[in-house]
Protein chains: 2
Amino acid sequence: MCNRLHIRGESMVTIRDVAKKAGVSVATVSRVLNNKGYSHEDTRKLVNEAIKELNYKPNEVARSLFKKKSRLIGLLLPDIRNPFFPELARGVEDEMQEQGLHLIIGNADEKPEKEIDYIQTFKQNNVIGIISATNQAETELYEDLSFPVVFLDRITKSHPSVYADGLDGGKKAAHEIIRRGSKRIALLRGPIELRTAQDRFKGAVDELCNANVDFQVITSSFSFHDAEKMAKTLFEKFPETDGIIASNDLSAAAILHEALRIGRSIPDDLQIIGYDDIPLSKLLFPPLSTIRQPAYDMGREAAKLLIKIIGKQPLVQKNIQMPVTFIERQTTRKVE
Amino acid sequence: MCNRLHIRGESMVTIRDVAKKAGVSVATVSRVLNNKGYSHEDTRKLVNEAIKELNYKPNEVARSLFKKKSRLIGLLLPDIRNPFFPELARGVEDEMQEQGLHLIIGNADEKPEKEIDYIQTFKQNNVIGIISATNQAETELYEDLSFPVVFLDRITKSHPSVYADGLDGGKKAAHEIIRRGSKRIALLRGPIELRTAQDRFKGAVDELCNANVDFQVITSSFSFHDAEKMAKTLFEKFPETDGIIASNDLSAAAILHEALRIGRSIPDDLQIIGYDDIPLSKLLFPPLSTIRQPAYDMGREAAKLLIKIIGKQPLVQKNIQMPVTFIERQTTRKVE
DNA sequence: ACTATATGTGTAACCGGTTACACATTAGAG
DNA sequence: CTCTAATGTGTAACCGGTTACACATATAGT
């Protein structure tokens, strides 16, 4: 029974308790709290002491209700299982934390309903901005929001965005694989609705067309599940392929796996280039050559951009394109 | 200028607007909204029409402020980059969505400060429960909360939890590798502070002690980064090792990779067993034999358990242990 | 016909903050 | 020594919901 003295949820100290303890009005406490309006040095000290003694923490919900603004940022990912996105998320998260903002992550799972649901949740909780990396950049979902949206790893005319240079990425991938001697190349094309995927594709096509090689195009999604099936049919239909440009590392992993299974020799007989450079790529065997997108940095940039917009700071540029690099590992042959 | 007619953020329809339109009081609208107290059939129809016409969505923040309860559930992950956790998250997410609850995911990044920060955010936003898979299950962080907490993939006396049978998992791993003829086994031990990791370890040790094999213990974390380094030193220090029981699939991948790099033949010369069965395990080459934890189902169970607790339903059991299975792939040898 | 109870609705207080405004008091300018 | 402006503080309304309570009407029981 003694324990009952210490009622749990003691955190229910309100601003009025603080006001009473400090012998001032709630308005004064609020002013001190927010460094707003006038307040006397001595009063401030009094209030701050009371706050400390009572271990007072302002109720964010009450704040949020009045101001119609919270300290929350929503981050929407299309597929939390694709390791590329957690990496983006880490970047966003670190930047937000440094700014004293809180992140809530939603996983849309590539389903528009889930995405709608999360946007609704974000709205209803008065987030002050959203960073979205989903596949619905072009829909109306993001049209009539009262807070800014930044797209990440996505391109759209209607909103600011941060993405990597897909044209160059595709170009580089094709260039490197051609340079290393592949003659009959399979080019994987990611989801058609994704500008970033299409840019990669176009970049690669350009380069392939200018070279003296054969190539075929295979359309595939970005997901795990499809990748495996796609890998199997790829080798059945085009057994003579000697170079593969994958649409992302996940597909590349599935292809690499299948290639080894059927006894192809990598990279001597078949070269593979991935895209993204997810952490696991270097743990594959042979380690995967790939086009690296600076995921973590992209996340950070997106966060910075969003914060600038929220703070109504003038923007140098609405769209930030980041460079990609070819990471040479061992699914491609060496050149001098 | 015409566009200005359509003011963005039109979503600011309040309950009073609805009341006015329907010709009733706000209390009535509220009652209809929540199916609480009495309301006449006809009135309900009126109100619902008004709601639809105005496209009214109740303000969750206002609700939350009064009731001190939201529809939010917090999910805290220790490391979003380890693919095991996104898988857990998917299970939690699906179950919550079916129950009309919203999930906000936090990534503690194995840093207690971040974890504290997220718990604070969760509290301040009136979540009605937390599911936590972090490494701090034993700290006071989760002590004085006014809402229930369920631990996931973690064991603790103080809270309900859902986890897989680590003892059995460790036992199975050891059993299978011994049975397949490894004689000098390296046993990886995960973070000491994690009961689940220790259970696996103990289970394996038990089994190893009862068999006629040599073994050594190597302590390692669960993270990517450490795994690579650890793999290198492992083979330097114990080149004669012919079987490795990894503490998770990430470590196993790193080890597999390193083993192939230095020319060991898998599984003939060296067998490897992982733990978790993350999606990428079967994409490795050779595909990784491992102990499967039913991550998605564990997530779902944890969600169900939490929902029961929130609903004050009687619990059949506070701690749910799920079974693990040996997934035979190709880093272990075949037996008849 | 006459209560007792069930049904239906509105008024106003409340949740815990923020802030417009009114009212002092003090400082500075002429 | 005024007069104005700057400083400091409190009162009360407000954000958008919920709900205790009062009141009115309908239904049922005897």
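These numbers were taken from a predicted model, which means no experiment stands behind them. Every chain is numbered from 1, with letters handed out A, B, ... down the list of sequences.
Projected onto DNA chain C by closest heavy-atom contact, B:Ser39 and B:Lys68 fall at different nucleotides, the more 5' of which corresponds to B:Ser39. Checking B:Asn59 against B:Arg31, the closest nucleotide of DNA chain D that is more toward the 5' end is the one next to B:Asn59.
The backbone N or O of B:Lys36 sits nowhere less than 3.5 Å from a side-chain atom of B:Asn34 that would complete a donor-acceptor pair. Checking side-chain atoms of B:Arg195 against main-chain N and O of B:Arg154 turns up no donor-acceptor pair under 3.5 Å. In terms of modelled atom types and a separation under 3.5 Å, the side chain of B:Asn59 and the main chain of B:Val61 share a donor-acceptor contact.
Where DNA chain D meets chain A (any atom under 4.0 Å from a heavy atom), the bounding nucleotides read 5' to 3' are D:dA6 to D:dG16.
The local environment of CD in A:Glu140 is sparse, with at most 12 non-hydrogen atoms from other residues, nucleotides or ligands closer than 6.0 Å.
Comparing the end axes of the helix from C:dA1-D:dT30 to C:dG30-D:dC1, each fitted to five base pairs by superposing C1' atoms of four pairs onto the next four, gives an inter-axis angle of 30° (nearest 10 degrees).
Within 4.0 Å of B:Val61, counting heavy atoms only, lies no atom of the nucleic acid at all. Among the heavy atoms of the strands lying under 4.0 Å from B:Thr28 are primed sugar atoms or P, OP1, OP2 only; no base atom is included. Among the protein residues, B:Ser64 comes within range of no part of the nucleic acid, since none of its heavy atoms lies under 4.0 Å from any strand.
Between B:Tyr38 and C:dT7, a side-chain N or O to OP1/OP2 separation shorter than 4.0 Å is present.
Between A:Lys57 and A:Asn55, the side chains place a donor N or O and an acceptor N or O closer than 3.5 Å (distance only, hydrogens not considered). Under the 3.5 Å distance criterion, with hydrogens and angles disregarded, no donor-acceptor pair is assigned to the side chains of A:Tyr142 and A:Ser158.
With ring centers used as reference points, B:Phe151 lies 6.0 Å or more from B:Tyr163.
Taking the charged nitrogens against the carboxylate oxygens, A:Lys304 and A:Glu301 do have a contact shorter than 4.0 Å, which makes a salt bridge.
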